[in-house]
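First up is the structure itself, then whatever we jot down about it.
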Amino acid sequence: MEVVMKTKNAMFLAVTAVLLGITACNEEPKQEGALAPEYYTVVIKFDKPEYKEHIMVYSARDAGETTRLCTDYLAYPDSVIHLCGQSPYIELPSDYLLIDWKWGRIYYPNNEAIVNSKWSELKTIDDEFPVDEISVEGPVIESYFIPISQLKAYNNDLEHDSLDWPEYYSDREWATFSDEARAYELSVKKVKYDSAFAEYAKVITDMINAGDLEKLPESCKAEINR
């Protein structure tokens, strides 16, 4: 229980720091009564490009004898859309990676590590790994949390200029859906998010190629403590 609480506390602190950074990164005027920051995209870069092939987990300092992925959920249960065994990244130029929305949060700045096992070998998101299987602590050397408004401003416009935070369903919740609800999730909602992220990846690609990614406000960049 102590290990679980320690991990959850680390998650809470990391998410709080990220959300504060996103709010600051949004250069639009703050609206009265806004309850939450807008949706953002997460772009990372590893110290070595080949690290992208390896499963990212919690740092050993935030774990007990074993560690696991930095997420408790996929957007859709793996029984519905089989993601385990695939990469969670959309590849960008210069070895940058956009984290696919369907994987939830799998990166917490300064709390990440990678193990020898590769994404292609992942069976379930609940897989656990002995901490001595961690091969690299802190493999991420750059990370950006980019609000959609920032991408829209850079691109002058976006087809997908807004996006709600995705809902994450368990197998139990999915089992309660009607056929119509399931069809909507997969033929409308998933298609919308996939299309949006394809568009965002293109805009971020333009930023990278123009040398503008690193020119984002400092508040869009996660502070890397090594």
Task: Path from Tyr107 to Trp165 over hydrophobic side-chain contacts below 4.5 Å - done: yes
Task: Student check: side-chain heavy atoms of Ile55 and Leu69 closer than 4.5 Å - done: yes
Task: Evaluation steps, ring pair (Phe, Tyr, Trp, His ring centres under 6.0 Å), between Tyr168 and Trp103 - done: CA-CA 10 Å; Tyr168 300 92; Trp103 284 80; over 10 Å; no
Open item on the list: If I compare all heavy atoms of Ser59 with all of Ala113, which pair ends up nearest, and what's the gap?
Closed with: CA-CB, 4.0 Å
- [ ] Please round to the nearest 0.5 Å and tell me the distance separating atom OG of Ser149 and atom CG of Leu158.
- [x] 9.5 Å
Task: Aromatic ring pairing Phe197/Trp101, orientation class (parallel under 30°, perpendicular over 60°, tilted between) - done: tilted
Task: Check: Met207 and Leu216 side chains under 4.5 Å, non-hydrogen atoms - done: yes
Open item on the list: Hydrophobic clustering (ILVMFWY, side-chain heavy atoms < 4.5 Å, transitive) - are Leu83 and Leu186 grouped together?
Closed with: yes
TODO: Answer yes or no: is there a side-chain heavy-atom contact under 4.5 Å between Pro139 and Asp47?
DONE: no
Open item on the list: Assess the residue pair Glu128 and Val57 against the criterion (side-chain contact (heavy atoms from CB on, under 4.5 Å)); give the C-alpha distance rounded to whole Å, side-chain angles, the decisive distance to 0.1 Å, and a yes or no.
Closed with: CA-CA 9 Å; Glu128 294 189 359; Val57 296; over 6 Å; no
TODO: Report whether Ile81 and Ile125 are members of the same hydrophobic cluster (ILVMFWY, side-chain heavy atoms less than 4.5 Å apart, transitive linking).
DONE: yes
- [ ] State, yes or no, whether a side-chain contact exists between Val80 and Leu74 at a heavy-atom distance under 4.5 Å.
- [x] no
Open item on the list: Over 60° means perpendicular and under 30° means parallel, so tell me whether Tyr169 and Phe177 are parallel, tilted or perpendicular.
Closed with: perpendicular
Open item on the list: Using only atom types and a distance under 3.5 Å, with no angle test, would you say the side chain of Thr41 pairs donor to acceptor with the backbone of Ile146?
Closed with: yes
Open item on the list: Please determine whether side-chain contact (heavy atoms from CB on, under 4.5 Å) holds for the pair Cys84 and His82, giving the CA-CA distance in whole Å, both sets of side-chain angles, and the decisive distance to 0.1 Å.
Closed with: CA-CA 6 Å; Cys84 292; His82 188 62; 4.2 Å; yes
Task: Which atom of Arg105 lies closest to which atom of Thr71, heavy atoms considered - done: O-CB, 3.1 Å
Open item on the list: Please find the pair of heavy atoms, one from Ala201 and one from Ile90, that lie closest to each other, and give the distance.
Closed with: CB-CG2, 4.1 Å
Task: Spacing of CG belonging to Asp72 relative to CG belonging to Asp126, to within rounding of 0.5 Å - done: 8.0 Å
Task: side-chain contact (heavy atoms from CB on, under 4.5 Å) evaluation trace for Leu97 with Glu91 - done: CA-CA 5 Å; Leu97 303 165; Glu91 297 194 18; 3.9 Å; yes
- [ ] Could you state whether Met56 and Ile224 fall into the same hydrophobic cluster, counting links through intermediate Ile, Leu, Val, Met, Phe, Trp or Tyr residues with side-chain heavy atoms under 4.5 angstrom apart?
- [x] yes
Open item on the list: Distance check, rounded to the nearest 0.5 Å: Lys45 atom NZ versus Leu92 atom CG?
Closed with: 11.0 Å
Task: Straight-line distance of Lys190 NZ to Ser195 OG, nearest 0.5 Å - done: 9.0 Å
Task: Pairwise side-chain contact, Trp174 with Ser79, heavy-atom cut-off 4.5 Å (strictly under) - done: no
Open item on the list: If hydrophobic clusters are built from ILVMFWY residues whose side chains come within less than 4.5 Å, do Ile204 and Ile141 share one?
Closed with: no
Task: Side chain proximity check, Ile134 to Phe129, heavy atoms < 4.5 angstrom - done: no
Open item on the list: For Gly85, is there any backbone N or O sitting under 3.5 Å from a side-chain donor or acceptor partner on Trp119?
Closed with: no
Open item on the list: Is any side-chain heavy atom of Thr66 closer than 4.5 Å to one of Glu133?
Closed with: no
TODO: Report the distance from atom CG of Asp100 to atom OH of Tyr193, rounding to the nearest 0.5 Å.
DONE: 12.5 Å
Open item on the list: Would you compute the distance between atom CD of Gln150 and atom OH of Tyr144 and round it to the nearest 0.5 angstrom?
Closed with: 12.5 Å
Task: Sole candidate of Glu167, Glu185, Arg182 that passes side-chain hydrogen bond (donor to acceptor under 3.5 Å, both in side chains) when paired with Tyr76 - done: Glu185
Task: Side-chain heavy-atom pair Ile106, Ile99 within 4.5 angstrom cut-off - done: yes
Task: Donor on one side chain, acceptor on other, Glu142 and Tyr96, under 3.5 Å - done: yes
TODO: Output yes when a side-chain donor or acceptor of Glu159 lies under 3.5 Å from a complementary backbone atom of Glu199, and no otherwise.
DONE: no
